[in-house]
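Before any comments, here is the structure.
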Amino acid sequence: MTDDQTFRPEARAPKGFGDRRASDLAAERAIIDAVSKVYERYGFEALSTSAFEYADALGKFLPDSERPNAGVFALQDDDEQWMALRYDLTAPLARFAAENWQTLPKPFRRYAFGTVWRNEKVGPGRFREFTQCDADTVGSARPEADAEIIAMAAEGLAAAGLNPGQAVLKINSRKLLDGLMAAQGVGSDVQKLIVLRALDKFDRLGWEGVRLLLGEGRLDESGDFTKGAGLKGAAIDAIKAFMDTASAERPRGDMLNALANLSLGALGEEGLSDLAAIDAALKSMGVSEGAAKLDPSVVRGLEYYTGAVFEAELLLSTTDEKGQQVRFGSIGGGGRYDGLVARFTGEAVPATGFSFGVSRLASALRAAGREQAALRGPVVIIAFDNEAMPDYFAVAAELRAAGIPAEVYLGTSGMRPQMKYADRRLSPCAVIIGEDERAAGTVTLKDLDLGRALAEGVKDSETWRAERPGQQTLPRTQLVAAVRAILDAGK
RNA sequence: GCCGCCUUAGCUCAGUUGGUUAGAGCGCUAGAUUGUGGAUCUAGAGGUCCUCGGUUCGAGCCCGAGAGGUGGUACCA
C-alpha cells in the first residue's frame with residue numbers, strides 16, 4: 001500500500017477552524033476566567049448546555065431539507081430529526097429556561113461560556129468556530145436588569161485587560177428606531193429591515209451611503225447594487241436629524257434631552273424612559289460616562305431584540321502582519337429579547353443579556369500587539385545514557401513532587417539537540433547527569449535563562465563554551481532547592 | 001451569493017521578448033564542537049511552478065475553464 005496509488009490526505013484544518021496553541025488557549029482562558037468572575041460577583045450562576053440542539057429550538061433559522069446548512073452546521077439524527085451545532089448561547093438558554101421554567105428560581109440569572117459554530121464566510125477575527133461568554137437575566141422586565149447587564153459588560157471588558165478608553169459600550173433601544181420609523185410611515189416589516197440594515201452601516205459608509213440605501217439604493221465599488229428602502233425625502237430628512245443627534249458625542253443625560261426634542265412617537269417615548277432608568281441605575285452602580293455611552297445609532301442585526309440593545313466596541317487600533325489597519329468591529333453585544341422564551345411556552349417571558357466574543361477579543365488583543373507572557377517550558381532532564389534512564393525519571397518525579405514542571409528528554413538525539421530543544425521550550429534550566437556526575441553523586445544544572453540573557457553579548461563560540469555561564473555542579477540532594485532558586489530568579 | 005486581485009521550496013518571494021538542469025533569503029537537518037542553546041562557516045534535504053485543457057518546435061511565463069486563497073460587497077440568529 002505504499003505505491004503511488006496510496007491516498008494521502010492533505011494535512012490542513014478546515015477553513016475557519018483554526019488550531020489553538022498553548023499561548024492562544026492561555027489567552028482565551030484568562031479572558032473567560034476574568035469575565036466569569038465578574039458574572040459570579042453579580043450573582044449569576046453557571047450553566048453549561050450541549051453543543052447540539054434540535055434545529056427547531058434554534059429559532060426561525062432552522063435548516064430546511066433544501067438548505068440544511070445555511071448558517072449552521074446541521075445533520076439528521078437516526079430518527080430523522082434535524083440537529084444543529086449551536087450558533088450562540090442565547091437560543092440554548094431560551095430552550096433551557098422554557099424546559100425547566102417550573103423549577104427555576106425567577107428571575108433566572110445564569111452565565112455560560114463555550115464554543116459556538118457558524119457556517120459562514122470567514123474573515124479577520126471572524127471564525128466558524130469560536131468561544132463566547134454570556135450572562136443573561138430571564139424573567140425580569142425592569143430596565144435595571146438591562147443596566148446590570150451593561151455594568152457587568154463594562155466591568156468584564158476591564159477585567160479582560162482593556163483599559164479605560166480602549167473599549168466602550170454603546171447603548172440604545174430598539175423602541176427609538178421603531179418609534180422613528182412608525183412616525184415616518186415606514187410600515188412594512190421588509191422596509192423596516194432594510195432601514196435598520198442601512199443605519200447599521202453608518203459608521204462604515206457615512207451618511208451619504210446610508211442616504212442612498214434609504215432611498216433608491218447604492219452601487220458599491222465592486223459594482224454590486226444594493227436595493228434601497230425607497231423612502232421619500234421627508235422621511236429621509238427625519239432619519240438624518242435622528243442620526244445627527246445620535247452620533248454626536250455627549251453624556252448620557254444630555255443625549256436623552258436631545259432625543260426628547262425629536263418626534264419619536266409613543267414607542268419612542270417608552271424607549272426614552274427605559275434608557276433614562278438604565279442611565280440612573282448605571283450612575284448608582286458607578287459606571288462611568290466613558291465606559292458606557294448612549295448611541296441611538298446602534299442597531300445590532302439580531303431580529304429578536306425587542307428593547308434595549310448593547311454593543312461593545314474596541315477602540316484599540318489594531319494592525320495585521322503587513323501593518324495595515326484591521327477593523328474588528330464589535331467584540332460583544334446583547335440586548336433585551338422578550339419574545340424568545342415565549343416561542344416555546346407561549347407565555348411572554350422578558351429577558352436580557354450580553355455576549356462576549358472571547359475568540360475575537362483575544363485575537364484583537366493579539367493584533368493590537370498586546371504581548372502575552374511567554375509560556376515557560378518544563379525543566380528538561382538531559383537523557384545522557386540509556387543505563388541512567390531510571391535515574392532521570394527519578395529526578396523528574398522528585399521535581400514534579402515539589403510542584404515543578406519537569407520532563408526527561410524522550411528523543412534519541414545527542415546532547416546538542418537536547419539543549420536546543422530545552423531552549424525552544426523556554427525551559428528555565430536543564431539537568432545534566434552524565435558519567436562524571438553519577439560517579440560523584442552530583443548533578444549539573446544549567447541556568448538557561450541566564451544563558452539567554454548573556455548570549456547576546458557573546459560573539460566567540462570558544463569562550464562561550466569554555467565559560468559555560470550559569471552552570472553549576474552540586475550534590476544531588478540540593479537539586480530541588482537549586483532549581484527553585486533559578487525559577488524564583490526568573491519571576 | 002456577486003465583483004476584483006492572487007496561487008513558484010515549510011515560510012516570504014524573484015524568475016528576462018516563451019528557450020537546455022527553476023532560484024534567493026529565512027527556516028529545517030548534519031558537521032566544524034566524542035558532554036552543552038547564540039553567532040559564524042561548510043554541506044545537505046526539500047518543487048506535480050494550483051489543476052485540467054489549448055496555442056507552440058518548445059509554456060513557470062500566452063489563451064480558456066475549474067479549484068483554492070485573499071480583499072471588498074451582500075447576508076449575519
Side-chain angles (χ1 to χ4, degrees), chain A residues 4 10-12 15-16 53 55 57-63 67 70-72 84 86-92 94 116-124 126 128 132 193-194 197-198 200-201 204-205 209 213 217-227 299-305 320-322 324 326-327 329-330 333 335 337 340 343 355 380 382-385 413-427 429-437 444-471 473:
Chain A
D4 291 345
E10 191 181 344
R12 53 170 194 162
K15 178 168 52 167
E53 291 284 344
L58 289 180
K60 55 180 287 194
F61 294 85
L62 72 145
R67 299 173 58 213
V72 300
R86 63 187 180 199
Y87 54 72
D88 69 9
L89 297 174
T90 311
V116 304
W117 295 265
R118 294 185 188 181
N119 190 358
E120 58 186 29
K121 190 175 161 179
V122 305
R126 195 167 173 149
R128 294 206 286 177
Q132 291 192 327
L193 203 59
I194 295 175
R197 279 179 194 152
D200 198 27
K201 296 182 175 72
R204 195 154 44 81
L205 301 180
L213 287 170
R218 176 173 176 271
L219 189 70
D220 66 47
E221 310 89 75
S222 71
D224 208 20
F225 184 74
T226 311
K227 198 172 176 330
V299 174
R300 302 289 302 163
L302 325 191
E303 278 181 77
Y304 61 60
Y305 288 133
D320 63 15
E321 312 83 56
K322 291 167 187 162
Q324 293 190 316
V326 178
R327 297 183 68 100
S330 76
Y337 49 98
L340 220 50
R343 284 190 53 243
S355 175
V380 171
I382 302 295
F384 213 96
D385 59 73
S413 305
M415 187 161 180
R416 209 168 107 93
Q418 296 193 41
M419 294 304 296
K420 277 191 159 181
Y421 171 83
D423 189 37
R424 279 181 67 157
R425 293 292 307 276
L426 270 185
S427 172
C429 69
V431 176
I432 302 166
I433 305 175
E435 285 169 33
D436 300 346
E437 287 86 354
T444 296
L445 267 187
K446 189 180 175 87
D447 185 336
L448 296 172
D449 281 344
L450 188 63
R452 283 185 194 99
L454 294 175
E456 294 178 24
V458 177
K459 284 281 162 265
D460 173 48
S461 174
E462 299 295 318
T463 47
W464 168 251
R465 266 161 225 286
E467 283 172 10
R468 293 193 172 160
Q471 196 159 318
T473 299

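Every chain is numbered from 1, with letters handed out A, B, ... down the list of sequences. Nothing here was measured: the structure is a model prediction, and the numbers come from that model.
- B:G60 sits 12 Å from B:A14 when the C1' atoms are compared, rounded to a whole Å.
- Candidate nucleotides B:U36, B:A77, B:G35 were compared by shortest atom distance to the side chain of A:Glu120, and B:A77 ranks first.
- Considering every non-hydrogen atom in both A:Leu450 and A:Gly470, the closest pair reads CD2-CA, 3.4 Å.
- The minimum heavy-atom distance linking A:Asp200 with A:Arg300 is given by the pair OD1-N, 4.2 Å.
- Checked by atom type and distance alone, the side chain of A:Gln418 pairs as donor or acceptor with a backbone atom of A:Ala383 at under 3.5 Å.
- Separating the C1' atom of B:G46 from that of B:G1 is a span of 40 Å, rounded to the nearest Å.
- Look at B:U56: it lacks any Watson-Crick or wobble partner with both distances under 3.5 angstrom.
- Rounded to whole Å, the separation between the C1' atoms of B:A67 and B:G53 comes to 14 Å.
- Checked by distance alone, A:Glu437 brings a side-chain donor or acceptor within 3.5 Å of a matching partner on the base of B:G35.
- Between A:Arg416 and B:G35 there is no side-chain polar atom (N or O) within less than 4.0 angstrom of OP1 or OP2.
- Using Watson-Crick or G-U wobble geometry with both donor-acceptor distances under 3.5 Å, B:U20 finds no partner in any strand shown.
- Residues A:Arg218 and A:Gly209 share a closest heavy-atom pair of CD-O, 3.9 Å.
- The partner of B:C26, taking Watson-Crick or G-U wobble pairs whose two distances both stay under 3.5 Å, is B:G10.
- Put simply, A:Arg197 has a side-chain N or O that comes within less than 4.0 Å of OP1 or OP2 on B:C76.
- Set against B:G35, B:G37, B:A77, the side chain of A:Thr444 has B:G35 as its closest nucleotide.
- Remark: B:G1 base-pairs with B:U73; criterion is Watson-Crick or G-U wobble with both hydrogen-bond distances under 3.5 Å.
- Summarising the geometry of A:Gly16 relative to A:Val122, their closest heavy-atom pair is CA-CG1, 3.5 Å, with the distance given to 0.1 Å.
- Between the CZ atom of A:Phe225 and the P atom of B:C75 there is a distance of 13 Å, rounded to whole Å.
- The residue A:Phe384 sits close to a base: some heavy atom pair falls under 4.0 Å.
- Of the P atoms belonging to B:C61 and B:U48, the separation is 16 Å, rounded to the nearest Å.
- Close to B:U73, at under 4.0 Å from its OP1 or OP2, lies a side-chain N or O of A:Arg204.
- When the side-chain nitrogen and oxygen atoms of A:Lys201 are compared with OP1 and OP2 of B:C76, none of them lie within a distance under 4.0 Å.
- In this model, no side-chain donor or acceptor of A:Gln418 finds a partner on the base of B:U36 within 3.5 Å.
- Of the side-chain N and O atoms in A:Lys15, one or more sit less than 4.0 angstrom from OP1 or OP2 of B:G69.
- Separating the P atom of B:G31 from that of B:G25 is a span of 22 Å, rounded to the nearest Å.
- Among the heavy atoms of the strands lying under 4.0 Å from A:Asp447 is at least one base atom, whether or not backbone atoms are also near.
- Base engagement by A:Ile432 is indicated by at least one non-hydrogen atom pair under 4.0 Å involving a base atom.
- Nucleotides B:C6 and B:U42 place their P atoms 38 Å apart, quoted to the nearest Å.
- For the P atom pair drawn from B:U8 and B:U16, the interatomic distance equals 16 Å after rounding to whole Å.
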Before you tell me yes or no, could you show the steps for A:Phe384 and A:Ile432 under side chain to side chain contact (heavy atoms under 4.5 Å, CB included), namely the whole-Å CA-CA distance, both residues' side-chain angles and the distance that decides it to 0.1 Å? CA-CA 8 Å; A:Phe384 213 96; A:Ile432 302 166; 4.2 Å; yes

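- Judged by distance alone, with hydrogens and angles left aside, A:Lys121 brings a side-chain donor or acceptor within reach of the base of B:G72, the pair sitting under 3.5 Å.
- Rounded to whole Å, the separation between the P atoms of B:U51 and B:C28 comes to 28 Å.
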